[in-house]
Structures are given as structure tokens and as C-alpha cells.
Protein chains: 4
Amino acid sequence: MCPRTSHQFEDIRKEKRHLILESALVIFAKKGYHGASISIIASEAGISKGLIYNYFKSKEDILKETLIGGFEHIFQHYRFDPQTFTPKEFVNLIELTFDLLEKDHSHWKIYFSVLMQTEVMEIIQDKLMDILFPIIEDFKAYFKKLGYEKPLEEARFFGAIIDGLSLSYITDPENFPKEYCINRLKSIYNLPL
Amino acid sequence: MCPRTSHQFEDIRKEKRHLILESALVIFAKKGYHGASISIIASEAGISKGLIYNYFKSKEDILKETLIGGFEHIFQHYRFDPQTFTPKEFVNLIELTFDLLEKDHSHWKIYFSVLMQTEVMEIIQDKLMDILFPIIEDFKAYFKKLGYEKPLEEARFFGAIIDGLSLSYITDPENFPKEYCINRLKSIYNLPL
Amino acid sequence: MCPRTSHQFEDIRKEKRHLILESALVIFAKKGYHGASISIIASEAGISKGLIYNYFKSKEDILKETLIGGFEHIFQHYRFDPQTFTPKEFVNLIELTFDLLEKDHSHWKIYFSVLMQTEVMEIIQDKLMDILFPIIEDFKAYFKKLGYEKPLEEARFFGAIIDGLSLSYITDPENFPKEYCINRLKSIYNLPL
Amino acid sequence: MCPRTSHQFEDIRKEKRHLILESALVIFAKKGYHGASISIIASEAGISKGLIYNYFKSKEDILKETLIGGFEHIFQHYRFDPQTFTPKEFVNLIELTFDLLEKDHSHWKIYFSVLMQTEVMEIIQDKLMDILFPIIEDFKAYFKKLGYEKPLEEARFFGAIIDGLSLSYITDPENFPKEYCINRLKSIYNLPL
DNA sequence: GATGAATGAGAGTTCATTCAT
DNA sequence: CATGAATGAACTCTCATTCAT
């Protein structure tokens, strides 16, 4: 009855693991790291508390995996080849950002949430840097190609603005002037309407 | 021999209360609301756990007082008369922001931290709105005077940028291109160098 | 290897819940509500403090369950049909009372203890009234049938006497003149010896 | 200014001590021993917490003194000379009981409250016995003179009834049928109306 | 005699984690 | 693989008691 005879353990494991991470993300985003309990995550996932420890060795471990997955998910959209990157694509990237904010609300919320908590940052900052650094490099190269005198600084400036707008959107989506901000960004960077 | 005078007691209370709030600010900024324990705040202040409850009725009360004090402290600098506000003063305001970020690191950090934690936001959001709303109104009036077609939206856009730059500074002060960003803001708003 | 069946879990829960209530009853009876600590109840039950909260949501909850269970247990014996109630049965009821006092010492002790503590009374007084009221009504009807002019007052008088004798028994069982008191009650109510 | 020059320390001490005991009695009766805090007692007395420890060495000490004083206060009325005790005086004693219940509600409430808490009882039970025993002896002698075959048992029976009626009155004074119960007692003991 | 700031032990409660099944 | 009963450390908070003034 009880012992599985199936040979597809691997698939089951992968799926369950994913399910747990998804559930954890939702709860972390809603309650923050400390406010999220393993019990709630388990019941969100529809499994028992104990089973979670079959897949992750600690709550911190779940957070780390959740974050890394989330960051990769978000920031994969910001990779491009600076040499062939066009203004049109730049516009698309900006517009994409706000689409993602809507679709992946939890991922973004947790991203900002984590930026603010020293202890949590320490857990994942190396990994986060691994993800962000190449993106900054891409933008630096792109701005350099465009003739900016200080391309690294401009890349950071641009990144900060995107963060600020995203934060503002996350905090109060209903009152955020999305179209207006997109147009302002276009005008700042002389992009095609 | 004789009882302390009530004046002496008042002094002690005022000082200790301030000490506790200062210590709480540091710990909240470092660990977030849930991560900060009364024990740690007490030991940061060099007093016993119990004493804290002689001054505040709950942890939430400490947070509230900390935040309200902090927000008032930070945002008092952003009040101005839109009718007489000059570009030179606008420049000063921008430069002031980065000075404040340096000087009041903890206050700002906790400000952003709180924006991200739903539960904490609920505790103080009314008070925060009371503080932020008039500032947005001032900027709206100012931008309207400058001829912006959508002054409210511009005020929000500007606020989001300031938040983004501040967040970026807070997260990694050493690599933040402060001068560059100030100059970029000046150019975006056609301000005098 | 295999998970426990839900039937097994149910058994464990039922037993442990019962164990906790039994232990709580003993401690409440000995120390009163405020004097009884969760720690002591847990150690009386031979379990950890934490486990108690797996079964009850608060100390007050434990008290409520303890009391309601106890009161129902005690007072179920005092329900009868006033129309068919005989003097012989009345005698039995009186004798039963003292038997119960011996057997359910803790239940009775806590009953009296609770009567005296305003705060505790507030917690369960509605429930207690639900239990006691019909009993008083039964006695009222019975005394009315017997021809008492003020049956409600007599019911209260009788109840008070039973309480007084019980209290006296509980306080010092060894010196309580049980047989004598039973006979005195019989004579007061003209009951058969 | 501060050091008293007066020589009437003794009077001040006696008065203050009495004030503290009065206040403690009120609070103990309202909240029970554990529920009553030194702070509340102090503020009921209009003095500082610290001062209480100038007069009593512990909270338990206050309770003990409160109780002994209270019991002496209550039970002084029940001393009489069995040889000269008349039925008329017996009636008076019964009626007095209910008067006292009204006037000294707190004393009585705490008396019953204490009877139920083993730990508290242990603190004062010797003293209480010293007070109660001679009263029981008096009633025993009186009932013996009246011709009761088992005067000690009757004394205990009578005491229990008084306790029961008192308890009933204390618990719910408004619905207690005072006159009815007095008359019933008179009829049971063949006393003049 | 009198104050209340200060302490520290212990209260009720939560929760990450373990483990027998 | 899966369960949830069980633990224990740490949490927020209370309060009897002490002590400098």
C-alpha cells in the first residue's frame, strides 16, 4: 500500500519542490519573512509541515531559493546584447517593466522587501549581485555606445529610477500614473513614442 | 533621604524615552519590525527589558513613535511655499536629500523598510499619509506653476525618482554616483548648475 | 515508513486533550485560575508547554472547557421531572450530592472557586446559567407541587443550603458530619428516612 | 523641609498602615489575590508602590494581615455567652449576618474566595481556626443547652447553612430572597418571628 | 517618610524543527 | 514519500521587589 513502487520519484520531487516555492513566495510577499510561518506556507501548498523539511533544510533555505528563483525570473528580461540593442527595444524594455510589475507582483514586492532587511540581504546578496552585475554591465555598454560620458553612472541612475518607479507602483498600484511615467522616461532618453 | 523632585523624574523620563526610541530606530532599521526583539532593543539601550514597558505600552507603540518621529524629522525639509519656490531652492532641496540620506541613514532605511511591510504599513499609514499628502500637493502646485500639463502626475513621478535614488543610495552608499545623479536631475528639470 | 492513519491521530488527540483537561482541573482547583500557570499544567500532564497550544488556543480556553465539562458532569445529576419526582428520589438526590462530593472533589472545588472570582465568572457565567437555570426551574415546579407558597424562593433556599453543605464538606471533608446533615435535611423537608 | 521634625511618627504609621490594608481589601475582593497588583493597591491608597514596602514586607504579608483583620472584623459579631444566649438574640444574630453581608461585602467576598484557594488557605488557616473554633464551641454549648443530641454536628450544620446563604447572597445579591431565608431559618430553629 | 525608575523572574504564547509512525 | 504530535527556545509582556534620591 504505502511504499511507492513508481520509479518517477524524481518528477514528483521536482514538482513538489516547485509547489512549495510558489506557495512560500505568496506568503513571504504577503507577510514578510518573519511574519510567514512554515505552517501557513505548508497549508498554502496543501501539504504537511513535516514534508517541507523533506525538500528544504530550513526556513532560511526556502527564502534563499524563493528569492534566487524570483530574481532570476524578473531579471532575465533585462539581458540584451548592447551592440545590437535598439531604441525601440529600449522602449519595449521599459514597457515590459510595468507589465511585469502587474503580473509578478509578489516577486517584485519581495525583491524590494528584501533589499531593506540587512539580515536577509546578507543571505542572498552574493547571488543577487551575480544576477544584477551583468545587467548593469550591459546598460553601461549600451549607454557608452550612445555616447554618454559616464556610462556606468548613467546605468546606475537609470536603474535607480526604474527601482523608484517600481517601488511606487508596488506600494500603491491604483494611483500610479503608469502611462505618464513611461512617456517621461521616453522623453528623458529621447526614445521613439 | 528626600524623594526626588518631580522635575528630576521628568528629566529622567524624557532622556530615557529618547534613548529607547534611538535604540529602537537602530534595531528596527537593521532587522525590520518582526526581526527586532524587545530584548535586543533593551540591550542596545543598555537597560532591562522590563523598563521599556515603563515607557511604552507595547512593541507596536514603540514602532509607531519611532516612525512618526522619524518621518516628521525627514519630511519637514520638504515643505515649501509653491508660489515663491525658486529653481535655486529646488536645487537645494535635491542636494539636501542626499545630505539627509547620509546623516539620517537609519530614518530613511526604516522609511523604505516600512513601505514594504504590509502589517507595519497598516499601523502607521494614516499618519504617514498626513505627512506625505501636503508635500505632494506642494509639488503639484509648483509643477502647475511651471506649466506642466499634468502636475499631479509629475509630482508623483518626481517623488518616485527621489525614492528610487534614495533607495539606491541606502542600499549601497559607497558606489552611489551622488554628484552625477544630482546633475542629471538638474538637467531633467532645467535647473541652474 | 507509512504515515499514521488519521484514525490513529484522532485517538492521540482525543486522549491528550482529555489528559490536559484533567491536569488543568487539578491545578485550577488547587491554585485558582490566575495562580495556575500553563507551565505547571503542562508538567502535571507530563508534556511540554508548547503542546498545550496544539490543543487549546489560550489559557482561558482551557479554563472554559474545563469548567463547562465539569459543570455538566456535576449538574446532570440534578435534572428530573418535577411532576413525577418523589420524596424517595429527593432523598436519593441529597445522598447523591455527598457521594459526588467525594468522587468529584476537584470539580466541585473549582465550581466554588469560580463562583468567587469575578473575572472567571465573566468568562463562563452565561454557560453556567444555561446549566443552572433549568435545575432551579425544576425545583421551583417541584416545590410548587408540594404546596410551598413561594416555590422559587424555596428553590433558592434549598440550593443555598446544598451549596453551604458542599462548601463545608469540600473545605474540611474529614470533620464534616455527613450522615447528620443528610438526616437534618430529611427532617426539614419531611422526607422518609 | 524634608526631614520630619514631628514626634508623632507612630500615629502616621498606624494610619497609613490602615489605609493600605483597606485599599488592599477592596482590590483583593475585586480581583482576587493574583489579579491584584501592588501598583493598583498603591494607587487605590493614593501612595507610591515603594511606600507599601515600608509597611509590609511582601504582598503575601499584606494578604495575611488583610485577611486576619477581615475575619476578626466579621466574626467578632458571633461571640456570645451560651449560658445566657436567648432565642431573641439568636434571631438578631441571623439578621445581623445579612446586614453584615451588605455592609462588609468585601470582607465576606474575600473570606469565601480564600476558603477555595489551597495556597492562600495554608497561609492563614491556623489563624482562621483560632478565630472560628471558639465560635463553633459557643454554638455547640448553646445547642447542647437547647437539648440537641449532637450539638457539635448541629453547630457545623448551622455554620454550613449560614455559609451557603452568605455565599448565595454574595454571588447574586439582587435576586437573593433575604426575608424568605431569614424566616425559613427561624422556622427551622423554632425562633420567635 | 516617600518616590518611582529599574530589575529580573516568570507569565502566556508562537513557531521552526524533529521524529515516530 | 508523508503526517502532525511533540519539543524547546525565544518571543512579548507583567509585576513583586529593590534602591538611589
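Numbered from 1 within each chain, the chains take letters A, B, ... in sequence-line order. Values below: all heavy atoms of this structure, side chains included; hydrogens, waters and symmetry mates excluded.
- Judged as a side-chain hydrogen bond (donor to acceptor under 3.5 Å, both in side chains), and not counting sequence neighbours, the contacts of C:D104 are C:H73.
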Original post:
What pattern of brackets, bars and dots sums up DNA chain E from 5' to 3', given Watson-Crick or G-U wobble pairs under 3.5 Å, [ ] for crossing pairs and | for another strand?
Top reply: .||||||||||||||||||||
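- Between the B:K59 side chain and the B:Y33 main chain, a donor and an acceptor come within less than 3.5 Å of each other.
- The CD1 atom of B:I47 sits 12 Å away from the P atom of E:dG8 (whole-angstrom rounding).
- Across the protein-nucleic acid pair, D:I20 atom CD1 and E:dA2 atom P stand 9 Å apart, rounded to whole Å.
- By the side chain to side chain contact (heavy atoms under 4.5 Å, CB included) test, A:K14 pairs with no residue at all, sequence neighbours left out.
- Side chains of C:I38 and C:I62 form a contact here, defined as non-hydrogen atoms less than 4.5 Å apart.
- Under the side chain to side chain contact (heavy atoms under 4.5 Å, CB included) criterion, C:I131 pairs with C:F71, C:E72, C:F75, sequence neighbours left out.
- Taking a 4.0 Å limit (strictly below) on heavy-atom distances, residues 21-46 of chain B does not reach DNA chain E anywhere.
- Within residues 56-69 of chain D, no residue is approached by DNA chain E to less than 4.0 Å at the level of any non-hydrogen atom.
- Atom-to-atom, NZ of D:K16 to P of E:dG1 comes out at 10 Å; the value is rounded to the nearest Å.
- In this structure, the salt bridge (Lys or Arg N to Asp or Glu O under 4.0 Å) partners of C:K31, at least two apart in sequence or on a different chain, are D:E119.
- Phosphate contact (OP1/OP2 of F:dG4, side-chain N/O of C:R13, threshold under 4.0 Å): absent.
- Closest approach of A:I20 and A:I41 over heavy atoms only: O-CG2, 4.3 Å.
- Distance C:D11 CG to F:dG4 P: 15 Å, rounded to the nearest Å.
- With sequence neighbours left out, A:Q125 forms a side chain to side chain contact (heavy atoms under 4.5 Å, CB included) with A:M121.
- Sorted by first then second residue, the side chain to side chain donor-acceptor pair (under 3.5 Å) pairs that include residues 105-116 of chain C, not counting sequence neighbours, are C:K109-D:T118.
- Pairs of residues two or more places apart, or lying in two chains, that qualify as side chain to side chain donor-acceptor pair (under 3.5 Å) and include a residue from residues 15-24 of chain D are D:R17-D:E65.
- Here side chain to side chain donor-acceptor pair (under 3.5 Å) pairs that include residues 37-55 of chain B, with residues two or more places apart or in two chains, are B:R13-B:N54.
- Contacts between residues 48-55 of chain C and DNA chain F, counted as heavy-atom distances below 4.0 Å, involve C:S48, C:K49, C:G50, C:L51, C:N54, C:Y55.
- The side-chain tip of C:K64 does not point at the ring of C:F56 from less than 6.0 angstrom away and within 45° of straight on.
- For the pair B:H34 and B:F28, the minimum side-chain heavy-atom distance is 4.5 Å or more.
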